[in-house]
Amino acid sequence: MAIWKKKRNYFTLEPQGAPTVPPVLKPTIPEGLWHKCRVCEKIILQEELKKNWGICPKCGAYSRLCAKDRLGSVTDEATFREINGNIVGTNPLDFPNYDEKIAAVQESTGIKEGVITGYGRVGGVKVALAAMEPGFIMGSMGSAIGEKLASLVEFADFYHLPLIIFSASGGARMQEGIVSLMQMAKVSAALKRFSDHGNLYISVPTDPTTGGVTASFAMLGDIILAEPGTLIGFAGRRVIEGTINTKLPEDFQTAEFLLKHGFLDAVVRREEMKSTLNRLLRLHGYRS
Ligand SMILES: [Zn+2]
C-alpha cells in the first residue's frame with residue numbers, strides 16, 4: 001500500500017504536457033538603433049554616435065570605427081576617392097567554408113575586402129589613405145589586403161603623395177596560409193621604395209592592431225600615432241605571460257605603454273587626429 005501511494009505521488013508531481021518556457025522577449029527597438037557605451041554604460045542613439053565619429057557624447061570614450069567612418073573622420077568632406085575597390089582575394093588552399101565566410105562578411109560590411117584604399121584631402125592637403133576594416137574577419141590580412149596596400153603605396157610613390165595608413169588587425173588571415181604571411185614582405189618592400197624616394201608615411205595603428213600587421217607596415221611609419229588606450233601588440237598578453245612566465249604590467253600593449261617605450265611618436269585624441277595630421281603634413285612641406 002505504501003509503495004503504491006509513493007508511485008501515485010511521483011506521477012502527480014511530473015509536469016503535465018510540454019514544459020512551459022517563458023516567451024522570448026524580443027526587443028521593440030530595431031537592432032542597431034542604440035549603442036551602449038562600454039565605459040559609462042549610457043545608452044546613446046547610434047546615429048548620434050556616428051555623427052560624433054564614435055566618441056561617446058556623455059563621457060568621451062571611443063568606440064571602434066568602421067573603415068569608411070575612419071576615413072571620413074580625417075578627410076575633408078566629399079574629397080575621398082576609392083581606388084582598387086574591386087580587388088578581391090582567392091581561396092588558395094581551398095580552405096573549407098572560406099568563400100562562404102567572405103561572401104557573408106562582404107554582405108554585412110558592404111565592402112569587398114578588409115581595407116579601403118584611395119586618396120583625398122586632409123585640411124586641404126592631398127594624401128593617399130588606407131583604412132583597414134576591423135569588422136572584416138577581424139581585420140585579418142589576406143592577399144587582397146596586401147595587394148591593395150602595396151598598390152596604394154606605389155600610387156602614392158608615383159604621384160609623390162604623402163601616405164597615411166590606419167591599420168586594424170587581428171594578424172594574418174590563417175585561411176590563406178603562407179600567401180597571407182607573404183603580404184608582410186610585399187607591403188614592406190613597397191614602403192622601402194616609397195621611403196627611398198623621400199616620401200612621408202604616417203602610420204596610425206587603431207584598436208586593435210596585432211600580429212603580422214604590427215610586425216610589418218603598422219610599425220614602419222616615419223611617424224607613428226595612436227589614439228589613447230589603443231591595443232597594439234604582436235602576440236596576445238596571455239601567450240606572452242605563459243611563455244616567459246612573468247606577470248606583465250597592467251598597461252602592457254596600450255598606446256601609452258608603447259609611447260613610454262619608444263614605439264610611438266605621439267598619442268593623439270580622435271578629436272585632434274585630423275588637425276594633427278594636417279600639421280604634420282604641412283611641417284613636411286606638403287601644401288594644398
Ligand atoms: Zn560613455
Side-chain angles (χ1 to χ4, degrees), residues 24-77 80 105 108-111 114-116 122-123 129-140 164-170 202-210 213-214 218 224-233 236-238 248-261 263-279:
V24 179
L25 295 172
K26 289 253 168 67
T28 49
I29 312 157
E31 211 181 315
L33 189 60
W34 299 94
H35 172 86
K36 188 178 178 184
C37 174
R38 64 187 163 86
V39 177
C40 70
E41 299 194 334
K42 297 246 166 63
I43 307 288
I44 319 147
L45 257 177
Q46 194 72 264
E47 192 61 33
E48 195 183 346
L49 190 71
K50 210 174 158 68
K51 262 192 248 162
N52 214 18
W53 301 122
I55 305 165
C56 172
K58 313 277 183 200
C59 74
Y62 299 147
S63 59
R64 286 180 187 165
L65 286 181
C66 67
K68 280 179 192 162
D69 287 350
R70 179 67 69 182
L71 291 167
S73 72
V74 294
T75 51
D76 302 345
E77 205 177 338
F80 183 78
V105 183
S108 65
T109 57
I111 56 175
V115 68
I116 298 178
V122 176
L129 296 132
M132 293 180 76
E133 173 57 64
F136 202 103
I137 320 184
M138 292 294 292
S140 57
I164 303 170
I165 299 179
F166 292 90
S167 42
S169 185
I202 302 176
S203 172
V204 189
T206 64
D207 191 62
T209 297
T210 60
V213 169
T214 307
I224 309 176
L225 311 172
E227 288 176 355
T230 303
L231 174 85
I232 306 163
R237 164 190 281 267
R238 262 177 298 169
L248 293 165
E250 203 51 48
D251 62 347
F252 182 66
Q253 292 182 329
T254 61
E256 292 75 6
F257 184 88
L258 266 75
L259 177 70
K260 208 158 50 182
H261 293 84
F263 284 86
L264 282 187
D265 293 297
V267 173
V268 180
R269 294 195 62 79
R270 190 174 293 175
E271 300 90 316
E272 290 154 14
M273 186 59 81
K274 184 177 176 180
S275 56
T276 304
L277 289 172
N278 181 254
R279 202 164 56 247

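Note that ligands are numbered from 1 as they come in the structure, with each ligand's atoms numbered from 1 the same way.
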Listing request: all side-chain hydrogen bond (donor to acceptor under 3.5 Å, both in side chains) pairs with a residue in residues 41-55, at least two apart in sequence or in separate chains.
Lys50-Asp69
Does CZ in Phe263 sit with more than 12 non-hydrogen atoms of other residues, nucleotides or ligands closer than 6.0 Å?
no
Show all protein N/O/S atoms under 2.8 Å from the Zn ion (ligand 1), or state that there are none.
Cys37 SG, Cys40 SG, Cys56 SG, Cys59 SG
Who are the salt bridge (charged side-chain N to carboxylate O under 4.0 Å, His left out) partners of Asp251, not counting sequence neighbours?
Lys260
By salt bridge (charged side-chain N to carboxylate O under 4.0 Å, His left out) - contacts of Arg64 (at least two apart):
Asp207
Paired with Arg270, the side-chain contact (heavy atoms from CB on, under 4.5 Å) test is passed by just one of Val74, Ile55, Thr206, namely Ile55
Between the side chains of Lys274 and Glu77, is the shortest nitrogen-to-carboxylate-oxygen separation below 4.0 Å, so that they form an ion pair?
no
